[in-house]
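The structure under discussion appears below in the form of structure tokens.
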Amino acid sequence: SNTLVQNESINKTEEIKDSILEHLCFNLGKSPRIATLHDWYMATAYAARERMMRNFVSYTEKMQNKTLKIVGYLSAEFLMGPHLGNALINLGIENETKKAIEQLGINLNDVLEQEEEPGLGNGGLGRLAACYLDSLATLQVPAVGYGIRYEFGIFDQYIRDGWQVEATDKWLRNGNPWEIVKPELNYTVKLGGHTESYTDDKGKYRVKWIPASEIKGIAYDTPVPGYKNGVTGILRLWKSEAVESFDFHAFDKGDYYGAVHEKVFSENISKVLYPNDVSDEGKRLRLSQQYFFVSCSLQNAFHILHLRGLSIDEFPESMTFQLNDTHPSIAIAEMMRLLIDEHQVGWEKAWDITKKTFAYTNHTLLPEALEKWSLPLFANVLPRLLEIIYEINSRFLLTIRDKYPGDEDRVRRMSIIDERGNKSVRMAHLATIGSHAINGVSALHTKLLKQDVLHDFYELEPDIFFNVTNGVTPRRWIKLYNPRLTSLITTHIGESWVNHLETDLVKLEQYADDPTFQQAWHDVKRQNKTDLAHLIQAIVGTKVNPDSLFDIQVKRIHEYKRQHLNVLYIAHLYNRIKQKRTDGITPRTFIFGGKAAPGYVMAKLIIKLINSVGETINNDPDVNGLIKVVFFPDFNVKNGAHIYKAADLSEQISTAGKEASGTGNMKFAMNGALTIGTFDGANIEIMECVGEENFFLFGLHAAEVAETKSNGYRPYDIYNSDEDLKQAIDMIQSGVFSHGDTGVFQPFVDTLLNYDPFLVLKDFRAYAECQQRVSDAYTNQKEWTKMSILNVARMGKFSSDRSVKDYCENIWKVNHA
Ligand SMILES: CCc1ccc([C@H](C)CC(=O)N[C@@H]2O[C@H](CO)[C@@H](O)[C@H](O)[C@H]2O)cc1
């Protein structure tokens, strides 16, 4: 009965309070009287971690079970976001902890704000890995996330005079209560040097790698709680250290720098995350980082195999690895090296084990994002791995010549080695040839992958190509970050939806026409918008109207994501307002957010343009607040918490065929925003689920984009044929938004009028007309609210639980809860 439940909750509150006070004393050596907010955060974090560790230990015990197949998720990025809030939700103690902390005279939100975000990722790929770890634990799939413990994550973004300014992300400066160092789990990784072949005592041909340097990798484990199931998964991140951290002899000789040189060199490997999320820089340190964490992870896997008393032959049945894009794909060659050089397995058997063990997920079709390592660099950093790749390649090309006799062009196209120019290693080819399954991340993306980037490989082995459409975890992205919507949903359909989204969320449909429910739904959104308006006022200093339509575009800044199409429309609206052509213009607040890769000049110029247009419009009395423009700085998981729940309109306007999937689109729709979007990535599947009538679609389809380009696209002609567009561009060019400075945005205008590689001008008119349909629809709040309810109700498919189940059933062949 509920008195029992109440008592139980009271006891739990007491328990948690005591536990927080104990950790404050034992771990922090502080009394409540002098404790800082950060101390209370640390104490609460330890209290939560304590509850996870019991499950953690029993879970690692469970992993000993020989029959289980463990999933290893290899990713150079894990964008986990703050841990505390999520831990309380998944442990089911958020209410009791809130009470306990209040009884100690503090506010839970203030404590949560204290946590530094572990920004160990750039964007979509890194966040997807984090959502998948949550679902793996919630679905009780034995799994380990393997990655790099960067000392500095993605940079903090500041906006100075409208420009992005990067600052080092010292996320570890106040310590990290969530990680447990495992010094006993350390592995040596070789770099550089050369190889020597010899015949071993059994007369067998062997190769020895004499490295130029050796690095030590130390494991740091972070517990990953499943949702209310007593399961805690593992995120195992590797930190690089020197094998010998102090060279006494160099010191003796007074060569003080020499004495610590190895230490500095070694620790540099896991020092910082590369902040690019599309263009491959091909830097030596990046390749060393990739090989470092992959080698540590595979050596750890063989260690676990041994601890489980399993033989090398049983490797593929006992452990399977997912390659999160090509960044860890050197694993294919490293597996072969460990099997052949360290375990004396023959080539064929080693290859059989390797191919059965690995699967590869592609996350982008952009040519500049496909990793290709220059051969000389590769040979210099990883000489033994290159030898093995040559052997893999020559044996593979034999099968191609066999299957397609005389088709040398196909051989050239499929080779891992790109012989053109100064030769390079195509990592997507290595990943594909060495995997038993390849998948894209949305139906359209997988189709284009088969048609285009990996077409030859698809023709060769069509059955190993799968689609697994992305998903996001409803625990963090609805229950944690939108508590008002969560309780409205739960009071109407129960709470099973949180981990049965596919089957249960749709129960909401029955309330779509219910006026009371509609009102409550509208109020939730209104309150969330008010909260965001306060935050924007506090951080940016701009006053926005929570009754205006909140039109939000938050994601990494990139030309294919077309933030500049959005800005062009805003300039057009401003132009109409200045010309007193305001009919049909609904009050709107345009909110942007997103980081630009530090070396991406055009992306940084687009940030400046957004801020300049905003400054002009927000301070123009003629506009009088009809529209406002805000650039929300430092967009990350923590700030996303305030943004997704407050949107009326989600901008998913990438050039068709360029956004592999998108996951922000899912987070917005799951929180009641309607989408204006192109026929691209997962937008298509979202529209199929929510219904075309509840989605604002516009623009060219991928095939039309290709056709437009192949027919010779002349953006200037469109500029001259669309007066509204022309005037909007002329305003930017003539310095209307830059205090008369006609130079600052010249590169932007030139690129647009002469190249426009992402067809912004071509889609402008359709976008503007679609935005008018949005404005018209928003005037009917009842209808809009109904559409919003139906959007949420029909988003069940996009839970990361469904995605992980797809991987379990089609690729990893493992059971799940
Ligand atoms: C070599 C530099 C680099 C770094 C990261 C990447 C990632 C693949 C970029 C990325 O995050 N891709 C995004 O992955 C998401 C998860 O699948 C998708 O939803 C996005 O559409 C895709 O852009 C490419 C190249």
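Read the numbers this way: they start at 1 and go in the same order the structure lists the ligands and their atoms. The model shown is predicted, which means the values in this text are computed figures rather than measured ones.
- Between His363 and ligand 1, a contact under 3.5 Å exists for at least one N or O pair.
- If you look at Trp171 and Phe152, their ring centroids are not closer than 6.0 Å.
- Ion pair Glu166/Lys604 flagged as a salt bridge, since at least one NZ, NE, NH1 or NH2 atom sits closer than 4.0 Å to an Asp/Glu carboxylate oxygen.
- By the 4.0 Å N-to-carboxylate-O rule, Asp801 lies too far from Lys805 to be salt-bridged with it.
- Below 3.5 Å of separation, one finds no N or O of Asp325 facing any N or O of ligand 1.
- On a distance-only criterion, Gly662 and ligand 1 share at least one N/O pair closer than 3.5 Å.
- A salt bridge does not link Arg476 to Asp134: none of the charged nitrogens lies less than 4.0 Å from a carboxylate oxygen.
- Between Asp756 and Lys762 there is no salt bridge, since no side-chain nitrogen of the basic residue lies less than 4.0 Å from a carboxylate oxygen of the acidic one.
- Checking only distances, Glu659 does come within under 3.5 Å of ligand 1, N or O to N or O.
- For Leu125, a nitrogen or oxygen atom sits less than 3.5 Å from a nitrogen or oxygen atom of ligand 1, counting backbone and side chain alike.
- Put simply, part of Asn276 is less than 4.0 Å from ligand 1, judged by heavy atoms.
- At least one N/O-N/O distance between Ala660 and ligand 1 falls below 3.5 Å.
- Between Arg127 and ligand 1 there is no heavy-atom distance shorter than 4.0 Å.
- Of all the atoms in ligand 1, the ones that sit under 4.0 Å from a non-hydrogen atom of Tyr560 are 23 (O).
- No donor-acceptor pair closer than 3.5 Å links the side chain of Asp648 to the backbone N or O of Ala673.
- Residue contacts with ligand 1: Asn470 is placed with a nitrogen or oxygen under 3.5 Å of a nitrogen or oxygen of the ligand (distance criterion only).
- The part of His327 lying near ligand 1 is the side chain, judged by heavy-atom distances below 4.0 Å.
- In terms of the salt bridge (charged side-chain N to carboxylate O under 4.0 Å, His left out) criterion, residue partners of Arg794 (sequence neighbours excluded) are, by chain and number, Glu509, Glu693.
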